[in-house]
Amino acid sequence: MPSPKKVKKLNRAAAEAIFERFHEIEPEPKGELDYVNAFTLLVAVVLSAQATDAGVNKATKRLFELAPSPAAMVALGVDQITELIKTIGLYRGKAKNVFALSQMLIDLHGGEVPDNREALEALPGVGRKTANVVLNIYFKQPTIAVDTHLFRVGNRTGLAPGKTPLEVELALTKQVPERFMLHAHHWLILHGRYICKARKPECWRCPIREWCLFEPKTPLPGG
DNA sequence: ATCCCGAGGG
DNA sequence: CCCTCTGGAT
């Protein structure tokens, strides 16, 4: 019979300590995507799939100057949008989605960005992760968007192990204390981006290493 | 499971 | 060169 392979997972107390530490270090973590309203946030997040935020910001600086609203975006047209965002990976599909999504906001939501998951995920190019970001960042809902960083950090640390992003997300909703839920996404993404990096995690300067289950290849100095 | 796909870093 | 970056649709 298949033995249920035990996955090492941090207990609640350790999880709570981790977020206390994050809060202590950075009480108000901020994302690094540029936007000026709900619409531009939504578009920026759609464009950010498999792309760096720095690269997205470079393109959206051009794009949002011409089209900071759904109507302006539709007026721009797919070809113009494509040209403007050509420096971002997956740009063809993203340009089509941004155009169609803008038209749909006009047709179905009075040009506004909807504040619920169902409506958001019905938009082209918007899946669970993107919807969670908009709900969390703009509408201040306690969602946790699991991207490549959260997925890696959740598994590597043992904070929230899971085979899929959804599993990690559900694990995190149980591990993160409610009072820290609004900021959990930003704390974890920044931690993953600058310290718990994919290639060379910098464990020697990690603020949560005393709780982490990951064993770095290169041992800590003196340890 | 596979495709989409440019920029930046090592 | 190879890997990674705030994924989604088929």
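Protein chains get the first letters and strands the later ones, always in sequence-line order, with residue 1 at the start of each. What you see below is based on every heavy atom in this structure, not just the backbone, and it leaves out hydrogens, waters and symmetry mates. Quick caveat, the model's predicted, so the values are computed rather than measured.
- The minimum heavy-atom distance linking A/A122 with A/M104 is given by the pair O-SD, 3.8 Å.
- Proximity of residues 80-104 of chain A to DNA chain C (heavy atom under 4.0 angstrom from any strand atom) is restricted to A/L90.
- Across C/dG7, C/dC3, B/dG8, the shortest atom-to-atom separation from the side chain of A/K58 is found for B/dG8.
- A 6.0 Å sphere centred on OH of A/Y138 holds no more than 12 heavy atoms belonging to other residues, nucleotides or ligands.
- The aromatic rings of A/W187 and A/H23 stand perpendicular to each other, their planes meeting at an angle above 60°, with 30° marking the opposite boundary.
- Summarising the geometry, the separation between CG on A/L166 and C1' on C/dG8 is reported as 15 Å, rounded to the nearest angstrom.
- One can place CZ of A/R193 at 14 Å from P of B/dG9, the figure rounded to the nearest angstrom.
- Residue A/G192 is out of contact with every strand shown, counting any heavy-atom pair closer than 4.0 Å.
- If you take NZ of A/K200 and P of C/dT4, they are 13 Å apart, rounded to a whole angstrom.
- For the C1' atoms, the distance from C/dC3 to B/dC5 is 14 Å, rounded to whole Å.
- Here the shortest heavy-atom pairing between A/V46 and A/L101 reads CG2-CD1, 4.0 Å.
- Going from the P atom of C/dT6 to that of B/dG10 covers 14 Å, rounded to whole Å.
- Salt bridge status for A/E20 with A/R179: present, with a side-chain N to carboxylate O gap under 4.0 Å.
- Residues of residues 140-158 of chain A that place a heavy atom closer than 4.0 Å to DNA chain C, in numerical order, are A/D147, A/T148, A/H149, A/R152.
- Distance, A/H185 NE2 to C/dG7 P: 10 Å, rounded to whole Å.
- Taking every heavy atom of both residues into account, A/S48 and A/L33 meet most closely at CB-CD1, 4.2 Å.
- Whole-Å rounding puts the A/L47 CG to B/dC4 P distance at 19 Å.
- Nucleotides C/dA9 and B/dA7 place their P atoms 24 Å apart, quoted to the nearest Å.
- A/W211 and A/I18 make their closest contact through CE3-CG1, 3.7 Å (heavy atoms, listed as atom of the first residue, atom of the second, distance).
- Within the nucleic acid shown, A/V133 comes within 4.0 Å of at least one base atom, counting heavy atoms only.
- The side chain of A/T130 contributes an N or O atom lying less than 4.0 Å from OP1 or OP2 of C/dG8.
- For the pair A/G125 and A/I189, nearest-nucleotide mapping onto DNA chain C gives the more 5' position to A/I189.
- A salt bridge does not link A/K129 to A/E169: none of the charged side-chain nitrogens sits closer than 4.0 Å to a carboxylate oxygen.
- Residue contacts for A/V46: at a heavy-atom cut-off of 4.0 Å it reaches no nucleic acid atom on any strand shown.
- Considering only side-chain N and O atoms, A/Q50 lies under 4.0 angstrom from the phosphate OP1 or OP2 of C/dG7.
- On the C1' atoms, C/dC5 is 14 Å away from B/dC4, given to the nearest whole Å.
- The main-chain N or O of A/K174 is found under 3.5 Å from a side-chain atom of A/R12 such that the two form a donor-acceptor pair.
- Rounded to whole Å, atom P of C/dG7 lies 10 Å from atom CG of A/D53.
- For the side chain to side chain contact (heavy atoms under 4.5 Å, CB included) test, no residue two or more places apart in sequence or in another chain qualifies with A/E112.
- Computed from coordinates, the A/L190 CG to C/dC5 C1' distance equals 14 Å when rounded to whole Å.
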